[in-house]
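Count residues from 1 along the sequence.
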Amino acid sequence: MAKERPEKAEETEQMIEKEGAKEGLEATAAGDGKDMRAVLLSGFGGLNKLRVARKVMPEPQEGELKIRVKACGLNFIDLMVRQGNIDNPPKTPLIPGFELAGIVEALGGNVTGFEIGDRVMAFVNYNAWAEVACTPAEFVYKIPEDMTFPEAAAFPMNFVTAYMMLFEVANLREGMSVLVHSAGGGVGQAVAQLCSTVPNVKVFGTASAFKHEAIKTSLTHLFDRNSDYVQEVKRISPDGVDIVLDSLCGENTGKGIGLLKPLGTYILYGSSNMVTGETKSFFSFAKSWWQVEKVNPIKLYEENKVMAGFSLLNLLFKQNRAPVIKGVIDKLLALYNEKKIKPLVDSLWALEEMANDSTETSEAGEEEEDHEGDTENKERMPFIQ
């Protein structure tokens with residue numbers, strides 16, 4: 001996400017101090033009962049489908065850890081889940097959220113390598129937006145002492161996605177060039193930071209105009225996403241770029257493949273053009289689908305171009321690649337300890353604010369979604385509990 005806004009910094013610190021002061025009291029209170037607070041999605045649709053509810057506290061099963069959640073991430077995929085705008089959406093009611101940070105509170109059977117009291121970050125297959133969550137140990141990672149819980153909640157989804165696209169799929173090397181859409185979002189900023197670890201890599205980015213001031217120093221070239229960025233890129237680099245990272249889809253797919261140099265790689269990792277409002281829109285879905293150009297494999301062969309897709313959650317929860325992700329997390333934490341990368345927190349929200357039934361919440365959500373339906377505002381907003 002873009003760097004924390006100055007007006008949010010003081011508010012964020014106050015929330016951290018406030019929660020730290022209440023931590024002992026809340027832990028004691030929660031320990032007296034078997035229930036917890038959680039954000040519940042009662043049905044697919046708008047913000048009015050979210051509410052805070054009391055739920056039965058989960059207990060770890062074989063191979064799982066029970067984590068007292070201190071912060072959890074809000075990603076663009078959560079917005080799509082809320083709308084029911086995903087393949088095979090789960091049944092509601094459900095607790096949203098796929099990543100969190102907190103303290104290990106209990107261990108299930110046959111769990112090794114962790115102790116009660118460990119500070120960790122984790123992926124969960126839903127259920128992150130709660131005071132307590134359980135998840136298999138293979139999805140849990142210890143965090144450095146100097147990493148805060150909000151930073152840890154902003155780390156796994158963004159940096160693992162960025163790292164795997166750049167280094168595992170596209171094979172980023174010295175002297176290459178990268179175009180990333182939604183450059184002000186969490187993944188976009190992680191891409192920029194990781195590219196800076198490789199010598200002489202040029203990063204082209206598109207973003208909403210109001211994001212430019214905050215992110216301009218992290219990119220080599222920055223364009224308004226509503227501009228003719230194809231011509232702007234070609235003006236600077238007539239041969240195009242080596243890597244295109246596309247979270248938008250629609251008409252940008254054809255544009256991205258067209259911008260590739262020979263041996264270049266286009267990676268689709270999202271479809272935010274399908275989201276243009278608070279609720280699911282069949283028109284937006286149809287328009288985005290219609291604008292995607294048909295890809296001719298013979299043409300890819302003739303032009304020496306690669307087209308790929310990347311879904312971190314599918315890789316984790318459907319394709320059983322947790323050991324691969326663990327190796328990437330280890331590499332990323334090494335870069336963090338070397339001060340080469342750092343998760344950026346945009347803002348912190350209290351648990352109750354996620355389900356506020358006031359018009360302020362509704363208007364804020366619509367305003368953020370109206371910014372091209374991208375991931376820039378919605379992608380990284382960890383909230384303290």
Notebook entry, point to check: Distance from Ile243 atom CD1 to Cys195 atom SG, nearest 0.5 Å?
Noted result: 7.0 Å
Notebook entry, point to check: Got a donor-acceptor contact below 3.5 angstrom from the Glu99 side chain to the Ala122 backbone?
Noted result: no
Next item on the list: Decide, yes or no, whether a salt bridge links Arg82 with Asp78 under the criterion of side-chain N to carboxylate O below 4.0 Å.
Entry: no
Note to self: I'd like to know if Glu302 pairs up with Lys299 as an ion pair, taking the criterion as any Lys NZ or Arg NE/NH1/NH2 lying under 4.0 Å from an Asp or Glu carboxylate oxygen.
What the structure shows: no
Margin query: Using only atom types and a distance under 3.5 Å, with no angle test, would you say the side chain of Thr161 pairs donor to acceptor with the backbone of Met157?
Written below: yes
Check: At what distance, to the nearest 0.5 angstrom, does CZ of Phe98 lie from CG of Leu313?
Finding: 5.5 Å
Next item on the list: Would you check if there is a donor-acceptor pair between the side chains of Thr206 and His181 at a distance under 3.5 Å?
Entry: yes
Please list, one pair per line, the donor and acceptor atoms closer than 3.5 Å that link side chains of residues 303-312 to other protein atoms, with sequence neighbours excluded.
from, atom 1, to, atom 2, distance (Å)
Glu303, OE1, Lys305, NZ, 3.3
Lys305, NZ, Ile257, O, 2.9
Lys305, NZ, Leu260, O, 3.4
Ser311, OG, Asn314, N, 3.3
Ser311, OG, Asn314, ND2, 3.3

Margin query: Within this structure, what is the OG1-NZ distance for the pair Thr92 and Lys49, rounded to the nearest 0.5 Å?
Written below: 8.5 Å
Margin query: Does Lys202 have more than 12 heavy atoms from other residues, nucleotides or ligands lying within 6.0 Å of its NZ?
Written below: no
Notebook entry, point to check: Roughly how far apart are Leu47 CG and Leu41 CG, rounded to 0.5 Å?
Noted result: 10.5 Å
Notebook entry, point to check: Okay, side chain of Asp246, backbone of Leu268: is any donor-acceptor separation there less than 3.5 Å?
Noted result: no
Check: Rounded to the nearest 0.5 Å, how far does OG of Ser182 lie from CZ of Phe76?
Finding: 8.0 Å
Next item on the list: Could you point out which residue of Arg68, Lys70, Arg119 forms a salt bridge (charged side-chain N to carboxylate O under 4.0 Å, His left out) with Glu105?
Entry: Arg68
Margin query: Check this for me, if you would: do Asp146 and Lys342 make a salt bridge, where the nitrogen-to-carboxylate-oxygen distance has to be below 4.0 angstrom?
Written below: no
Next item on the list: Measure the spacing between CD of Glu338 and OG1 of Thr197 and express it to the nearest 0.5 Å.
Entry: 9.5 Å
